[in-house]
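What's counted below: heavy atoms across the whole structure, side chains too, no hydrogens, waters or symmetry copies.
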Amino acid sequence: FITKFVNVGTSECTASIAPTSTTYQVEGGAGGASIGSGCTWYASSSAPWLTLTSDPLTNGVGSLNYTVAPSSSADPRTASIQVAGNLLQI
């Protein structure tokens, strides 16, 4: 569980994401994270095979859902979802 301060407009609030890391098999799958925040947050993915399936722009406490596409290789791959400066490593 990570907490980070972020500036939004003229007020300061905290945002957090849990879990901060997870793994998937070559088949991929669906997942989710809990976001704790007192402000508006935006989520983004660092890879085309990691797709956000819930609204990436939300205000306050919420959840974020995503899918991990199957891999065509057995080689490990990594990506992240960023929410208000916090990362979920996949």
Side-chain angles (χ1 to χ4, degrees):
F1 196 85
I2 293 178
T3 300
K4 183 172 184 173
F5 288 95
V6 292
N7 284 323
V8 178
T10 58
S11 63
E12 193 172 273
C13 64
T14 59
S16 61
I17 187 169
T20 57
S21 67
T22 189
T23 59
Y24 286 85
Q25 299 297 319
V26 69
E27 297 85 10
S34 297
I35 311 299
S37 178
C39 54
T40 300
W41 51 268
Y42 178 77
S44 61
S45 167
S46 69
W49 51 265
L50 177 57
T51 306
L52 303 178
T53 57
S54 56
D55 189 352
L57 181 61
T58 304
N59 186 33
V61 175
S63 60
L64 180 66
N65 298 311
Y66 59 87
T67 57
V68 176
S71 179
S72 60
S73 169
D75 293 336
R77 58 184 179 171
T78 60
S80 61
I81 295 174
Q82 182 172 358
V83 177
N86 296 292
L87 292 178
L88 166 56
Q89 299 286 341
I90 297 174

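Atom CD1 in Ile90 sits 9.5 Å away from atom OG in Ser21 (nearest 0.5 Å).
Linking Ile, Leu, Val, Met, Phe, Trp and Tyr whenever their side-chain heavy atoms come within less than 4.5 Å puts Leu52 and Trp41 in one cluster. Side-chain heavy atoms closer than 4.5 Å link hydrophobic residues (I, L, V, M, F, W, Y) into clusters, and following such links, even through other members, never connects Tyr42 to Ile17.
Of all the heavy atoms in Thr51 and Pro48, the pair that sits closest is OG1-O, 3.8 Å. A pairwise comparison of heavy atoms in Ile81 and Ala43 identifies CG2-CB, 4.3 Å as the closest pair.
In this structure a side-chain-to-backbone donor-acceptor pair under 3.5 Å is missing from Ser80 to Ser46. At least one donor-acceptor pair under 3.5 Å links the side chain of Ser45 to the backbone N or O of Leu50.
Ala69 pairs by the side chain to side chain contact (heavy atoms under 4.5 Å, CB included) definition with Trp49, not counting sequence neighbours. The side chain to side chain contact (heavy atoms under 4.5 Å, CB included) check on Pro19 picks up Ala33, Leu88, with sequence neighbours excluded.
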In a table with atom names and distances, give each donor-acceptor pair under 3.5 Å that connects a side chain of residues 57-66 to protein atoms at least two apart or in another chain.
unit_1 : atom_1 : unit_2 : atom_2 : d
Thr58  : OG1    : Asp55  : O      : 3.3
Asn59  : OD1    : Thr40  : N      : 3.2
Asn59  : OD1    : Thr40  : OG1    : 3.3
Tyr66  : OH     : Tyr24  : OH     : 3.0

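Contact of the Val68 side chain with the Arg77 side chain is registered, since non-hydrogen atoms from C-beta on lie closer than 4.5 Å.
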